[in-house]
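Each remark here refers to the structure printed beneath this line.
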2 protein chains.
Amino acid sequence: MECASEFLKDRKKEMMAINDAMDVLNGKWKICIISSICYYNKRRFSDILNDVAGISNKMLSKELKELEANKLVKRTVLDTQPVTVQYELTDHGKTLQTIITNLTEWGMEHRKKIIGKN
Amino acid sequence: MECASEFLKDRKKEMMAINDAMDVLNGKWKICIISSICYYNKRRFSDILNDVAGISNKMLSKELKELEANKLVKRTVLDTQPVTVQYELTDHGKTLQTIITNLTEWGMEHRKKIIGKN
DNA sequence: CAGTATCCAAAGGGATACTG
DNA sequence: CAGTATCCCTTTGGATACTG
């Protein structure tokens, strides 16, 4: 048998990592927002508001700030009249691509198997 | 240019799929619980309670029920005194393996890059 | 357009105690 | 052991209105 404390230390790190990831992605909206920006490359506030069904401007604003704080999203104010704001993924944000793809595929399978109907 | 309505229909399906997946996995605990059961193959209620730092028995009970309802987890009552309850992943639950692995790895990278410290 | 501010009902979830 | 039940404070987030 291996050293139990080493084994537990690794497990703890794994759990921490999962928590870190989920903290960043959690909630009803984050992944959808990221997916929207990612899909269109650059996306304006009001566009995302339309893409993500059901989200309110208050929520969108809050979520985007959190994504910015986590350096997943970059916000650029364009000097137009009235102002336009572009959101795009940072390089770090783009590393979520795989996870989003996996989640999308898994969600489709899950719907087929459990929820029924497509 | 491709047919715009086909394009939008696909996008909608993708968003729905992401939502389905997130509905199932959302919250502070679900992935951690799944990860714990997955890691040990079979796991008892009180063991999971210990594995997942900070969770209360009330929460764990609620989350496990939801995971069962989504057919990700199977619950087996063993005829011991007092009762023992085993939780294990269903085949469907095991299909989350990839996502969990990806989340773990992404979480570690994220911690290095953004949160700082390991 | 891209947000902020405020109000407020509803849901979430911890602490504690209890049960088969 | 494996949960339930209850109390109760906190957070969440929708609706609406307003601003630069």
Side-chain angles (χ1 to χ4, degrees), chain A residues 15 18-19 22-34 36-37 40-70 72-90 93, chain B residues 15 18-19 22-34 36-70 72-90 93:
Chain A
M15 293 296 265
I18 296 177
N19 269 319
M22 289 312 283
D23 278 353
V24 169
L25 302 179
N26 236 327
K28 232 177 148 177
W29 313 113
K30 294 246 171 58
I31 297 269
C32 286
I33 295 170
I34 294 173
S36 163
I37 299 174
Y40 293 101
N41 251 333
K42 303 189 179 204
R43 205 72 177 145
R44 290 179 310 163
F45 188 86
S46 51
D47 292 330
I48 306 175
L49 205 54
N50 277 307
D51 295 340
V52 182
I55 196 170
S56 67
N57 54 346
K58 178 178 160 185
M59 266 300 104
L60 180 55
S61 173
K62 202 198 76 185
E63 301 285 64
L64 282 170
K65 274 183 188 166
E66 292 178 23
L67 293 174
E68 240 196 300
N70 279 306
L72 299 176
V73 154
K74 188 186 164 210
R75 178 179 181 273
T76 314
V77 182
L78 302 182
D79 191 14
T80 56
Q81 191 47 254
V83 221
T84 307
V85 181
Q86 296 266 3
Y87 290 91
E88 57 195 307
L89 294 191
T90 61
Chain B
M15 293 296 264
I18 296 176
N19 269 319
M22 289 311 282
D23 278 353
V24 170
L25 302 178
N26 236 328
K28 233 177 149 176
W29 312 113
K30 293 248 171 56
I31 297 271
C32 286
I33 295 170
I34 295 173
S36 163
I37 299 174
C38 180
Y39 195 84
Y40 293 101
N41 250 333
K42 302 188 180 207
R43 204 73 176 144
R44 289 179 311 162
F45 188 88
S46 51
D47 291 330
I48 305 174
L49 203 56
N50 277 307
D51 294 339
V52 181
I55 198 169
S56 67
N57 55 347
K58 178 178 158 184
M59 266 299 105
L60 180 54
S61 173
K62 202 199 74 185
E63 301 286 64
L64 282 170
K65 275 183 187 166
E66 292 179 23
L67 292 175
E68 240 196 297
N70 279 305
L72 300 175
V73 154
K74 187 186 166 212
R75 177 178 181 273
T76 314
V77 181
L78 302 182
D79 191 14
T80 55
Q81 192 48 255
V83 220
T84 307
V85 180
Q86 296 265 4
Y87 290 91
E88 57 194 308
L89 294 191
T90 61

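Computed over heavy atoms, backbone and side chain alike; hydrogens, waters and symmetry mates excluded.
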Report the residue (A:Lys65 or A:Pro82) whose heavy-atom-nearest nucleotide on DNA chain C is the more 5′ of the two.
A:Pro82
B:Gln81 CD to D:dA2 P: how many Å, rounded?
12 Å
Presence of B:Tyr87 side-chain N/O under 4.0 Å of D:dG3 phosphate oxygens OP1/OP2:
yes
Side chain of B:Ser46: nearest nucleotide among C:dT4, D:dC1, D:dG3?
D:dC1
Here the distance between atom P of D:dT11 and atom CG of A:Asn26, to the nearest Å, is 17 Å
In this structure, which one of B:Leu72, B:Val73, B:Leu60, B:Leu49 forms a side chain to side chain contact (heavy atoms under 4.5 Å, CB included) with B:Ile33?
B:Leu60
Calculate the interatomic distance between B:Ile55 atom CD1 and C:dG13 atom C1'; express it in whole Å.
11 Å
Of the listed nucleotides (D:dA17, D:dG20, C:dG20), which one gets closest to any side-chain atom of A:Val83?
D:dG20
State, to 0.1 Å, how close A:Arg43 and A:Ser36 come at their nearest heavy-atom pair, and which atoms those are.
CG-OG, 4.1 Å
Within the 4.5 Å heavy-atom criterion, are A:Asp47 and A:Tyr40 side-chain neighbours or not?
no
Given D:dG14, D:dA2, C:dG14, identify the nucleotide with an atom nearest to the side chain of B:Arg44.
D:dA2
May I ask you to verify if any side-chain N or O of B:Ser61 is less than 4.0 angstrom from the OP1 or OP2 atom of D:dA2?
no
A:Ile48 vs A:Tyr87, test: side chain to side chain contact (heavy atoms under 4.5 Å, CB included). Steps then yes/no.
CA-CA 9 Å; A:Ile48 306 175; A:Tyr87 290 91; 4.2 Å; yes
B:Met59 atom CE is separated from C:dT16 atom C1', nearest whole Å, by 15 Å
Of the candidate nucleotides C:dT4, D:dG13, D:dG3, which contains the atom at the shortest distance from the side chain of A:Lys62?
D:dG13
Among D:dG13, C:dG3, C:dA17, which nucleotide sits nearest the side chain of A:Val85?
C:dG3
If the cut-off is 4.0 Å, is A:Arg75 near the phosphate of C:dG3, judged by side-chain N/O to OP1 or OP2?
yes
Nucleotide D:dA2, atom P - distance to CD of B:Glu68 in whole Å
14 Å
Given that both distances must come in under 3.5 Å, which nucleotide forms a Watson-Crick or G-U wobble pair with C:dA11?
D:dT10
Taking every non-hydrogen atom, the tightest pair across A:Val83 and A:Leu78
CG1-O, 3.5 Å
Phosphate contact (C:dG13 OP1 or OP2) by B:Ser56 side-chain N/O below 4.0 Å:
no
Take A:Lys30 and A:Val24 through the test side chain to side chain contact (heavy atoms under 4.5 Å, CB included) and record every step on the way to the result.
CA-CA 8 Å; A:Lys30 294 246 171 58; A:Val24 169; 5.8 Å; no
Should D:dG20 form a Watson-Crick or G-U wobble pair with both distances under 3.5 Å, which nucleotide is its partner?
C:dC1
In whole Å, I'd like the distance from the NZ atom of A:Lys30 to the P atom of D:dT12.
10 Å
Roughly, in whole Å, what's the span from CZ in A:Phe45 to P in D:dG20?
17 Å
What integer distance in Å separates A:Ile37:CD1 from C:dA2:P?
12 Å
Between D:dA15, D:dC7, D:dG3, which one does the side chain of A:Lys58 approach most closely?
D:dA15
